[in-house]
Amino acid sequence: MNYSVAEENYIKSVYHLQQQSNRVSTNHLAEALQTQPASVTDMMKKLLNKKLVHYEPYRGVKLSSNGKKVALQIIRKHRLWEYFLVHTLGFGWEEVHDVAEQLEHVNSPKLIEYLDRFLGHPQFDPHGDPIPDQQGKITFRERLPLLEQPIGQLLEITGVGNESPSLLEMLKHHHIHLGIRLHIVRKFSFDGSVEVVIDSAQPVIISQALADCLLVKWIDHEK
């Protein structure tokens with residue numbers, strides 16, 4: 001079944017918000033989509049009729065099993081397109097979200113199957129988020145907050161907690177991207193900033209706000 005762009009945007013938003021709470025309020029959804037609660041209510045009734053959500057007035061909404069499948073396919077398309085734009089066309093990781101937002105609504109299962117095959121079936125997008133496979137299965141990997149890690153432990157960047165273009169542009173300025181290795185040299189209590197050594201280069205100081213967005217995994221020093 002085909003769905004409108006608006007319906008797909010609602011389905012995807014409910015999915016993401018459900019990662020924080022089992023049921024999503026209409027007000028929360030309206031805020032996320034920058035629309036009015038009345039518009040959300042109207043759309044929820046439409047999605048309920050299509051058996052994509054479980055919805056009760058004043059009790060919030062959650063995706064049905066079919067709605068979750070649809071959401072994962074939308075997310076799969078979005079993240080595959082982001083991977084293609086970065087790794088094939090050479091876009092910066094800070095440039096691809098809005099373009100992928102448009103491409104995710106292309107309704108061609110064959111195109112996405114061929115795209116996935118062409119890219120070598122990647123499991124993670126350029127920001128470290130998992131790409132659902134054709135059946136909606138997701139592969140997770142370790143993503144620990146950088147600021148909570150001990151001084152001296154060798155780490156590898158596995159994701160970012162915020163995909164805003166301004167953040168990604170700042171990370172690019174510091175030559176910080178997925179896969180680089182670093183370790184914390186010092187933590188400053190005055191403003192929460194940290195001094196890190198990136199890929200054995202000279203130490204640099206990054207702000208607490210920037211460090212707070214970095215997700216990492218531990219690396220054995222022998223590797």
Following the transitive rule for hydrophobic clusters with a side-chain heavy-atom cut-off under 4.5 Å over Ile, Leu, Val, Met, Phe, Trp and Tyr, establish whether Ile112 and Ile11 coincide in one cluster. no
Tell me whether Gln36 at atom CD has more than 12 heavy atoms from other residues, nucleotides or ligands lying less than 6.0 Å away. no
His127: what forms a side-chain hydrogen bond (donor to acceptor under 3.5 Å, both in side chains) with it, not counting sequence neighbours? Glu82, Glu163
With sequence neighbours excluded, what pairs up with Lys110 under the side chain to side chain contact (heavy atoms under 4.5 Å, CB included) test? Ser108, Tyr114
Considering all heavy atoms, the nearest Ile184-Leu146 contact: CD1-O, 3.6 Å
Separation between OG1 of Thr26 and CG of Leu33, rounded to the nearest 0.5 Å: 11.5 Å
Should Leu171 and His177 count as side-chain neighbours, where that means a heavy-atom distance under 4.5 Å? no
For Asn49, the side-chain hydrogen bond (donor to acceptor under 3.5 Å, both in side chains) test, sequence neighbours excluded, returns none
Cluster check Leu48, Val61: I/L/V/M/F/W/Y, side chain < 4.5 angstrom: yes
Is it true that the side chains of Ser193 and Asp191 contain a donor and an acceptor less than 3.5 Å apart? yes
Does Glu104 form a salt bridge (Lys or Arg N to Asp or Glu O under 4.0 Å) with Lys12? I'd like the steps, not just the answer. CA-CA 11 Å; Glu104 72 184 29; Lys12 186 176 69 169; 2.9 Å; yes
Starting at CD1 of Ile157, measure out to CG of Leu178 and round the result to the nearest 0.5 Å. 8.0 Å
Any chain of hydrophobic side-chain contacts (each under 4.5 Å) joining Phe140 to Val160? no
Around atom NZ of Lys187, are there more than 12 heavy atoms from other residues, nucleotides or ligands closer than 6.0 Å? yes
Are the side chains of Asp199 and Leu182 in touch, meaning some heavy atoms are under 4.5 Å apart? no
I'd like to know if the side chain of Thr158 and the backbone of Glu142 have a donor-acceptor N/O pair within less than 3.5 Å. yes
More than 12 heavy atoms of other residues, nucleotides or ligands under 6.0 Å from CD of Glu31: is that the case? no
Considering only heavy atoms from C-beta outward, does the side chain of His28 approach that of Gln20 to under 4.5 Å? yes
Step by step, would you call Ser64 with Asn66 a side-chain hydrogen bond (donor to acceptor under 3.5 Å, both in side chains)? CA-CA 5 Å; Ser64 65; Asn66 192 43; 5.5 Å; no
Taken in chain and number order and not counting sequence neighbours, the residues that satisfy side-chain hydrogen bond (donor to acceptor under 3.5 Å, both in side chains) with Glu113 are Arg117
Can you see whether Ser25 engages Asn27 through a side-chain donor-acceptor pair at a distance of less than 3.5 angstrom? no
For His87, what residues pass the ring-ring contact (aromatic ring centres under 6.0 Å, His included) criterion, not counting sequence neighbours? Tyr83
Leu147 side chain reached by Gln208 side chain, heavy atoms, under 4.5 Å: yes
Nearest 0.5 Å please: distance from the CD atom of Gln202 over to the CD atom of Glu195. 10.0 Å
Minimal heavy-atom distance between Glu94 and Glu169, with the atoms involved, is CB-N, 4.0 Å
Which atoms form the tightest heavy-atom contact between Val194 and Ala211, and what is the distance? CG2-CB, 3.9 Å
Please name all residues satisfying side chain to side chain contact (heavy atoms under 4.5 Å, CB included) with Tyr15, sequence neighbours left out, ordered by chain then number. Gln19, Leu63, Lys68, Ala71, Leu72, Ile75, Ile138
Glu95: which residues meet the side-chain hydrogen bond (donor to acceptor under 3.5 Å, both in side chains) condition with it, sequence neighbours left out? none
Tell me, do Leu80 and Pro122 make a side-chain contact under 4.5 Å, heavy atoms counted? yes
State, to 0.1 Å, how close Ile198 and His174 come at their nearest heavy-atom pair, and which atoms those are. CD1-O, 4.0 Å
Distance check, rounded to the nearest 0.5 Å: His173 atom NE2 versus Ile206 atom CD1? 12.0 Å
Hits for side chain to side chain contact (heavy atoms under 4.5 Å, CB included) against Glu7, two or more places apart or cross-chain, chain-then-number order -> Tyr3, Ser4, Met43, Leu47, Lys50
Residues at least two apart in sequence or cross-chain that pass ring-ring contact (aromatic ring centres under 6.0 Å, His included) with Phe84, listed by chain then number, are Trp81
Side chains of Val99 and Leu85, heavy atoms from C-beta outward: is any pair under 4.5 Å? yes
Does atom CZ of Arg186 have more than 12 heavy-atom neighbours, drawn from other residues, nucleotides or ligands, at distances under 6.0 Å? no
Looking at residues at least two apart in the chain, or sitting in another chain, which of them share a side chain to side chain contact (heavy atoms under 4.5 Å, CB included) with His105? Val5, Glu8, Asn9
Is any side-chain heavy atom of Val197 less than 4.5 Å from a side-chain heavy atom of His183? yes
Quick check for you: to the nearest 0.5 Å, what is the distance between Asp125 atom CG and Arg76 atom CZ? 13.0 Å
Nearest heavy-atom neighbours spanning Val86 and Val96: CG2-CG1, 3.7 Å
I'd like to check the ring-ring contact (aromatic ring centres under 6.0 Å, His included) partners of Tyr10; sequence neighbours left out, ordered by chain and number. none
Under 6.0 Å from the NE2 atom of His121, do we count more than 12 heavy atoms belonging to anything else shown? yes
Asn162 and Cys213: which non-hydrogen atoms are nearest, and at how many Å? CB-SG, 4.0 Å
Can you check whether Pro37's main-chain N or O pairs, donor with acceptor, with Thr41's side chain at less than 3.5 Å? yes
What ring-ring contact (aromatic ring centres under 6.0 Å, His included) pairs are there with at least one residue in residues 51-80, not counting sequence neighbours? His78-His97
Residue that, paired with Glu156, satisfies salt bridge (Lys or Arg N to Asp or Glu O under 4.0 Å) out of Arg141, Arg143, Arg181: Arg181
Nearest 0.5 Å please: distance from the CD atom of Gln149 over to the CG atom of Leu155. 6.0 Å
